[in-house]
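Worksheet for the structure shown next.
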Amino acid sequence: MATVALRDVRKSYGTNAVIHGVSIEIADGEFIVIVGPSGCGKSTLLRMVAGLEPITSGTIEIGGRVVNDLEPRARDIAMVFQNYALYPHMSVFDNMAYGLRIGGIRGAELRARVEQTAAMLELTPYLDRKPRQLSGGQRQRVAMGRALVRGPAAFLLDEPLSNLDAKLRVGMRLRIKDLQRSVGTTALYVTHDQVEAMTLADRLIVMNGGVAEQIDTPMRIYLEPATTFVAGFIGSPAMNILPAQGTEQGVLLGAVPLALGRPAPGRDVLLGIRPEDLTVAPEGEGLPLTIRAVELLGADAYAHGEIAGGGEMVVRVPGKKALSPGARVGVLPAPGLAHFFDPATGRRLP
Amino acid sequence: MAEGMVGASRSGQWVAHFLLVIGVIVVAFPIYYVTIASTHPIQTILRPPLPLLPGDAGLANYAEAIGGGVGRIGGVGVGRLLWNTTLVAVSVAVGKIVISIASAYAIVFFRFPLRMVFFWLIFITLMLPVEVRILPTYKVMVDLRLIDTYAGLILPLIASATATLLFRQFFMTIPNELLEAARVDGAGPWRFFRDILLPLSATNIAALFVITFIYGWTQYLWPLLVTNSNSMNTIIIALRKMISFADADTPWNLVMVTCVFAILPPILVVVLMQRWFVKGLVETEK
């Protein structure tokens with residue numbers, strides 16, 4: 001158990017910079033999720049903390065000790081890989097015991113620690129099996145067990161659930177959170193799945209193009225996204241982001257004045273409204289919208305349409321509300337839940 | 001059992017079996033004849049027709065070949081020849097495997113300067129058959145005073161680009177995460193090699209052992225050059241030396257016994273390793 005600190009950590013391959021300076025102080029026992037689209041550098045960042053990838057500049061501290069030049073083993077971390085990377089020729093017991101054996105733990109203590117961890121993960125009946133005799137979910141638990149049994153200062157998890165089917169993934173997600181809480185070990189978790197990110201994280205790092213766009217609690221990120229990228233990435237379906245203009249009363253979207261917040265009059269802004277912050281009204285009220293397609297999910301439906309003056313918009317409506325393509329309705333944004341961004345930088349405007 | 005195999009019809013099956021039986025006879029008859037002939041006295045072997053059933057001189061022939069030694073090769077017994085050949089074949093096989101697995105490990109898992117240069121240097125030696133470099137190799141052996149020694153018989157045959165390439169190809173299929181998981185678990189290069197890579201290579205090692213053992217066992221040109229004394233001969237060279245141009249001069253009964261002994265160990269290695277090898281194949285899974 002330990003704190004982890006990243007200070008202006010950078011990585012480049014030759015002249016090609018892939019991580020542009022990430023800094024974060026992680027408290028002891030905190031669950032940090034690094035989320036972003038593929039190629040954003042999230043796995044690289046995790047591998048740098050693990051010591052599998054050298055860092056170009058900056059410092060990484062684990063438990064108050066700078067570990068920049070230490071081998072993975074000396075960093076006292078444990079890692080769960082996306083494809084689990086179990087040793088195929090070793091039994092479940094030996095897979096879990098391997099790190100402990102190297103650490104010089106033998107005999108009764110070794111057996112006790114492995115068996116206790118196996119019991120925690122309900123792996124006891126499988127201890128003598130080889131990985132290939134296990135199902136995907138069981139292999140995933142062995143990979144977790146191999147990390148847990150060592151009792152490391154920090155867990156590093158690289159998309160550990162992405163090879164599981166949807167149902168198993170939900171179960172394991174809850175389990176990982178429970179396990180991490182009960183052992184109280186600091187965890188860094190990489191995923192591209194925003195549901196995993198929102199549900200697991202104490203704090204989220206949203207990455208894009210090697211930059212940490214925002215580091216905050218999941219709810220703060222949802223409520224106050226720092227950039228248009230974060231706004232579009234977190235939340236499903238994505239936030240509607242449309243060009244608008246500030247006026248004395250609010251904003252002008254196309255030709256429709258809306259009383260939402262007050263950017264400086266005359267200023268061009270990007271207006272962001274989440275589909276769930278919009279309600280449908282009869283035609284003539286609010287923003288005119290022509291429905292093009294409706295995705296019915298049961299409880300909810302997402303109505304995709306076009307607003308007067310051009311621009312796409314998605315509205316979340318109750319599933320029972322019958323809307324059909326071609327219908328013309330009005331849309332009312334909930335007051336106070338609009339977001340404004342600078343069109344040039346994409347940053348949030350106060 | 002009857003349906004679906006080679007011929008769908010009954011006559012088709014007869015034809016197929018007939019061809020297969022012919023094939024077996026062609027391959028097996030010489031071996032059968034050698035075995036039969038090794039149980040006859042030399043007079044019976046020299047006088048036509050060929051005996052096709054075991055004779056009564058078996059015990060005497062084998063006892064003479066093993067215990068008494070063979071006159072034409074300076075009275076060296078078959079036991080000594082077998083020992084020489086086994087030592088050479090096993091050392092060549094083990095040596096080749098050790099050298100090539102080590103060099104493949106270096107080339108695949110370590111980043112060092114001129115890595116690809118070394119890889120190509122090894123690769124290029126594939127283009128040079130042993131015969132092309134036999135004179136310089138012989139000179140080196142003379143200078144090192146290794147003529148008529150086991151080292152001289154074994155060392156020049158050990159380097160193997162083929163086996164190195166084979167291991168390299170196999171190592172490159174090992175997922176990188178496995179190496180990283182071992183690093184996180186605290187395994188250094190030596191431990192990773194011993195605990196992970198070696199067990200995973202077991203099937204490859206078994207296959208290579210079979211191939212290189214037989215390669216070492218059947219070597220002809222190099223052992224012929226590098227040994228002068230009869231007691232350092234391998235069984236293949238001794239066989240050649242036993243046979244004279246004049247039929248009457250050749251102890252055919254003992255030649256046949258030596259032949260049987262020359263064939264048996266490779267067969268044993270293939271049969272024994274094959275079982276293990278198949279087991280390895282069945283158990284491996286990515």
Side-chain angles (χ1 to χ4, degrees), chain A residues 43 46-54 67 70-91 94-105 129-134 139 142-147 149-150 152-160 163, chain B residues 97 101 104-106 108-113 115-116 166-209 273 275-286:
Chain A
S43 282
L46 190 79
R47 292 163 54 79
M48 284 155 78
V49 178
L52 296 170
E53 202 85 61
V67 296
L70 294 183
E71 266 290 294
R73 170 73 186 184
R75 298 186 181 204
D76 195 17
I77 45 104
M79 188 148 171
V80 178
F81 294 86
Q82 181 175 359
N83 64 7
Y84 317 140
L86 302 177
Y87 310 122
H89 59 294
M90 290 187 195
S91 67
D94 289 332
N95 260 285
M96 287 167 65
Y98 189 56
L100 293 178
R101 283 201 177 112
I102 292 176
I105 294 163
R129 297 212 191 159
K130 297 272 174 68
R132 82 195 128 79
Q133 296 165 304
L134 301 177
R139 288 182 204 188
V142 177
M144 289 292 301
R146 193 167 61 176
V149 76
R150 297 242 316 269
F155 292 131
L156 308 175
L157 304 101
D158 190 359
E159 309 222 15
N163 285 354
Chain B
I97 288 168
I101 205 169
Y105 183 48
V108 175
F109 289 100
F110 293 86
R111 300 282 165 271
F112 51 89
R115 189 170 66 97
M116 286 319 279
L166 199 121
F167 279 119
R168 173 180 177 266
Q169 291 315 108
F170 171 66
F171 288 168
M172 292 197 339
T173 67
I174 287 182
N176 204 27
E177 283 87 352
L178 214 54
L179 170 68
E180 292 177 342
R183 278 179 72 191
V184 170
D185 266 343
W190 169 239
R191 253 181 198 281
F192 174 71
F193 182 74
R194 193 192 63 188
D195 294 347
I196 317 274
L197 218 46
L198 267 187
L200 290 179
S201 312
T203 322
N204 283 288
I205 292 175
L208 261 178
F209 184 83
M273 296 297 269
R275 291 178 57 187
W276 200 70
F277 180 73
V278 170
K279 188 172 152 245
L281 280 179
V282 173
E283 279 193 351
T284 315
E285 192 219 24
K286 280 277 142 61

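Only a predicted model underlies this, so the values are computations on that prediction, with no experimental measurement involved.
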- Message: Ignoring hydrogens, what is the shortest heavy-atom contact between E177(B) and F81(A)? Give both atom names and the distance.
- Response: CG-CD2, 3.7 Å

- Query: So which of R73(A), R75(A), R150(A) actually passes side-chain contact (heavy atoms from CB on, under 4.5 Å) with V184(B)?
  - Reply: R150(A)

- Message: Measuring only between side-chain heavy atoms, which start at C-beta, is I196(B) closer than 4.5 Å to Y98(A)?
- Response: yes

- Distance in Å, M79(A) CE paired with R183(B) CZ, rounded so as to fall on 0.5 Å steps: 11.0 Å

- Item | Nearest non-hydrogen partners of H89(A) and D195(B), listed with the distance | NE2-O, 2.7 Å

- Task: Side chain from CB out, backbone as N, CA, C, O: work out which of these in A202(B) comes under 4.5 Å of a heavy atom of chain A, or both, or neither.
- Result: neither

- Message: Which one wins on heavy-atom pair count under 4.5 Å against chain B: R146(A), Q82(A), M90(A)?
- Response: R146(A)

- Atom CD1 in I102(A), atom CZ in R191(B): separation rounded to 0.5 Å? 4.5 Å

- Message: Whether D185(B) and R101(A) form a salt bridge (side-chain N of Lys/Arg under 4.0 Å from carboxylate O of Asp/Glu) is what I want to check.
- Response: no

- Query: For L156(A), is it the side chain, the backbone, both or neither that has a heavy atom under 4.5 Å from a heavy atom of chain B?
  - Reply: neither

- Identify the heavy atoms of A85(A) and A181(B) that sit nearest to each other, and give their distance. O-CB, 3.8 Å

